[in-house]
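Quick caveat: nothing in here was measured; it's all calculated off a predicted structure. Just so it is clear: chains get the letters A, B, ... in the order the sequence lines come, proteins before strands, and each one is counted from 1. Just the heavy atoms: all of them, side chains too, but no hydrogens, waters or symmetry mates, feed the values below.
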Protein chains: 2
Amino acid sequence: MKEKVQNKKAAVLQAALGLISEQGFQGSPMSQIAQRANIGVGTIYRYFSSKEDLINDLYIDVKTRLAQHTLRNYSVSRDVHASFLVLLRNIVDYFIENPAELLFMEQYANSPLITAATREEGLRMFAPVNHLFERAKDENLLKELPMEMLSTLAYGSTISLVKLKLFGKVKLDGATIDAGVDAIWDAIKR
Amino acid sequence: MKEKVQNKKAAVLQAALGLISEQGFQGSPMSQIAQRANIGVGTIYRYFSSKEDLINDLYIDVKTRLAQHTLRNYSVSRDVHASFLVLLRNIVDYFIENPAELLFMEQYANSPLITAATREEGLRMFAPVNHLFERAKDENLLKELPMEMLSTLAYGSTISLVKLKLFGKVKLDGATIDAGVDAIWDAIKR
DNA sequence: CAAAACGGAATGAACATTCATTCCTAAAAT
DNA sequence: ATTTTAGGAATGAATGTTCATTCCGTTTTG
């Protein structure tokens with residue numbers, strides 16, 4: 001059944017995500033991935049042609065879910081500032097709920113294991129975000145700095161925020177995180 | 001001669017840094033490290049008891065140089081805001097000059113390969129930076145957010161800035177980077 | 001019952017580490 | 001001044017292990 005097929009493929013992806021985020025790609029044997037997914041080693045190769053193929057599929061898989069969550073409650077009708085806060089808060093919430101995804105993305109966002117095509121595909125999913133930045137620029141809300149710099153600053157500090165919440169020694173409540181997101185806006189706003 | 005000893009050990013560390021930053025720890029065989037350092041494989045084991053020992057030594061090595069460069073031209077007599085800009089700019093400059101160090105640090109700052117003791121030792125080197133943040137807080141210059149959050153935001157966006165300069169598609173001149181550092185201050189300042 | 005899916009043993013390549021041997025240098029002997 | 005000797009440094013072939021991938025007998029599906 002197609003259902004079972006999807007089940008096994010998804011099981012492999014989930015097992016791989018957990019192991020790779022903890023131990024890295026080279027530190028996660030196919031045998032271990034199979035064991036964690038409760039299937040035989042050989043079965044993995046029915047769904048992925050190689051270990052590299054597996055990690056590229058996983059990259060797309062994670063990025064897809066991230067993009068979906070990021071764009072939750074996002075609407076072009078809302079004003080730019082509010083939209084910006086919603087997007088950042090969505091990213092924060094998603095990674096707080098899914099730490100393995102964060103570790104995986106951080107480790108492989110710039111890895112040579114991820115092919116250019118895969119990376120390209122991942123980028124396309126975030127087009128609305130770029131669009132929002134353009135809108136902000138048009139409305140003169142942003143500092144006069146290269147767009148890439150503004151978005152990179154925003155994303156970089158957002159990730160820092162999540163890491164602090166997940167791995168830091170301090171406890172952060174929702175309000176404090178919101179204040180952090182506001183601080184990020186301060187960095188890029190005119 | 002002692003000189004030769006130091007030369008070989010340094011050669012191993014340098015070779016390992018280059019390879020590990022590009023291919024990761026598990027992706028960098030001792031044989032390849034030896035080859036790149038122009039020595040025999042066995043020789044590595046005269047200086048490092050294991051591959052894990054090597055990466056921990058390398059971590060200290062890199063962190064030491066980073067701390068030195070970060071604290072260049074830093075003086076407690078200068079005012080807080082100026083000191084802050086100097087420190088961040090030093091970090092940016094160091095990593096721009098040493099991309100392998102950046103990639104290495106990003107990959108292993110939170111890796112289980114780095115022992116708690118090693119991490120601890122690395123942290124101690126940045127005591128003056130924490131001190132500066134305390135001073136800023138005492139002078140009421142910072143937002144009323146947890147210290148860890150402010151420093152994390154600052155460091156995270158600084159690293160983003162460097163990555164943009166190193167791997168981004170846009171060209172960034174010194175003035176633009178300075179403007180970026182200013183933006184980071186905007187994020188944390190009251 | 002034929003075809004597809006599965007599992008895990010088998011294979012061969014790659015690897016970290018060891019260790020018997022060689023190399024180098026500098027002091028001792030002549 | 002030349003040769004001998006000694007000991008630490010360096011080496012890389014050999015070892016045992018781990019791993020990705022393949023292969024093929026078994027089970028499940030339709």
Enquirer: Please check the phosphate of D:dC19 (OP1 and OP2 only) for any side-chain N or O of A:Ser31 closer than 4.0 Å.
Expert: no

Enquirer: For the pair made of CD in B:Gln26 and P in D:dC19, what is the distance, rounded to whole Å?
Expert: 9 Å

Enquirer: Without decimals, in angstroms, what is the distance between A:Ile44 CD1 and C:dG8 P?
Expert: 12 Å

Enquirer: Cut-off 3.5 Å, side chains only: do A:Ser157 and A:Ser160 have a donor facing an acceptor?
Expert: no

Enquirer: Could you state the CZ-C1' distance from B:Arg46 to C:dC19, rounded to the nearest angstrom?
Expert: 12 Å

Enquirer: With DNA chain D as reference, determine whether B:Asn38 or A:Ser49 sits nearer its 5' end, using the nearest nucleotide of each.
Expert: B:Asn38

Enquirer: Does C:dA5 have its OP1 or OP2 closer than 4.0 Å to a side-chain nitrogen or oxygen of A:Thr43?
Expert: no

Enquirer: Rounding to an integer number of Å, can you tell me how far B:Lys8 NZ sits from D:dG8 C1'?
Expert: 13 Å

Enquirer: If only side-chain N and O atoms count, and only distance matters, is there a donor-acceptor pair under 3.5 Å linking B:Thr176 with B:Asp173?
Expert: yes

Enquirer: Could you check which of D:dT21, C:dG7, D:dC19 has an atom nearest any side-chain atom of A:Pro29?
Expert: D:dC19

Enquirer: Taking atom C1' of C:dA13 as reference, at what distance in whole Å does atom CE of A:Met30 sit?
Expert: 16 Å

Enquirer: If I take atom CD in residue A:Glu52 and atom C1' in nucleotide D:dA20, what distance separates them, rounded to the nearest angstrom?
Expert: 12 Å

Enquirer: Please report the distance, rounded to the nearest Å, between OH in A:Tyr45 and P in D:dC19.
Expert: 13 Å

Enquirer: Does B:Tyr47 place a side-chain N or O at less than 4.0 Å from the phosphate oxygens OP1/OP2 of D:dA10?
Expert: yes

Enquirer: Indicate if A:Val62 and A:Leu13 have the same hydrophobic cluster label, given that clusters are the connected sets of ILVMFWY residues with side-chain heavy-atom separations under 4.5 angstrom.
Expert: yes

Enquirer: Using the six-membered ring of A:Phe25, assess whether NZ or CZ of A:Lys51 lies under 6.0 Å from its centre and within 45 degrees of the ring axis.
Expert: yes

Enquirer: State which of D:dA9, C:dT17, D:dT21 makes the closest approach to the side chain of B:Ser50.
Expert: C:dT17

Enquirer: Give A:Ser28 one of three labels, base, sugar-phosphate or nothing, depending on what nucleic acid heavy atoms sit under 4.0 Å from its own.
Expert: sugar-phosphate

Enquirer: Look at the side chain of A:Val41 and decide which nucleotide, out of D:dT21, D:dG12, C:dA16, has an atom nearest to it.
Expert: D:dT21

Enquirer: Taking only the side-chain heavy atoms of A:Ile39 (C-beta and beyond), determine which of D:dA10, C:dG7, D:dT21 contains the nearest atom.
Expert: C:dG7

Enquirer: Just the rounded figure in Å: distance from C1' of C:dA5 to NZ of A:Lys9.
Expert: 15 Å

Enquirer: Has the side chain of A:Thr43 got a donor or acceptor atom that lies under 3.5 Å from a matching backbone atom of A:Ile39?
Expert: no

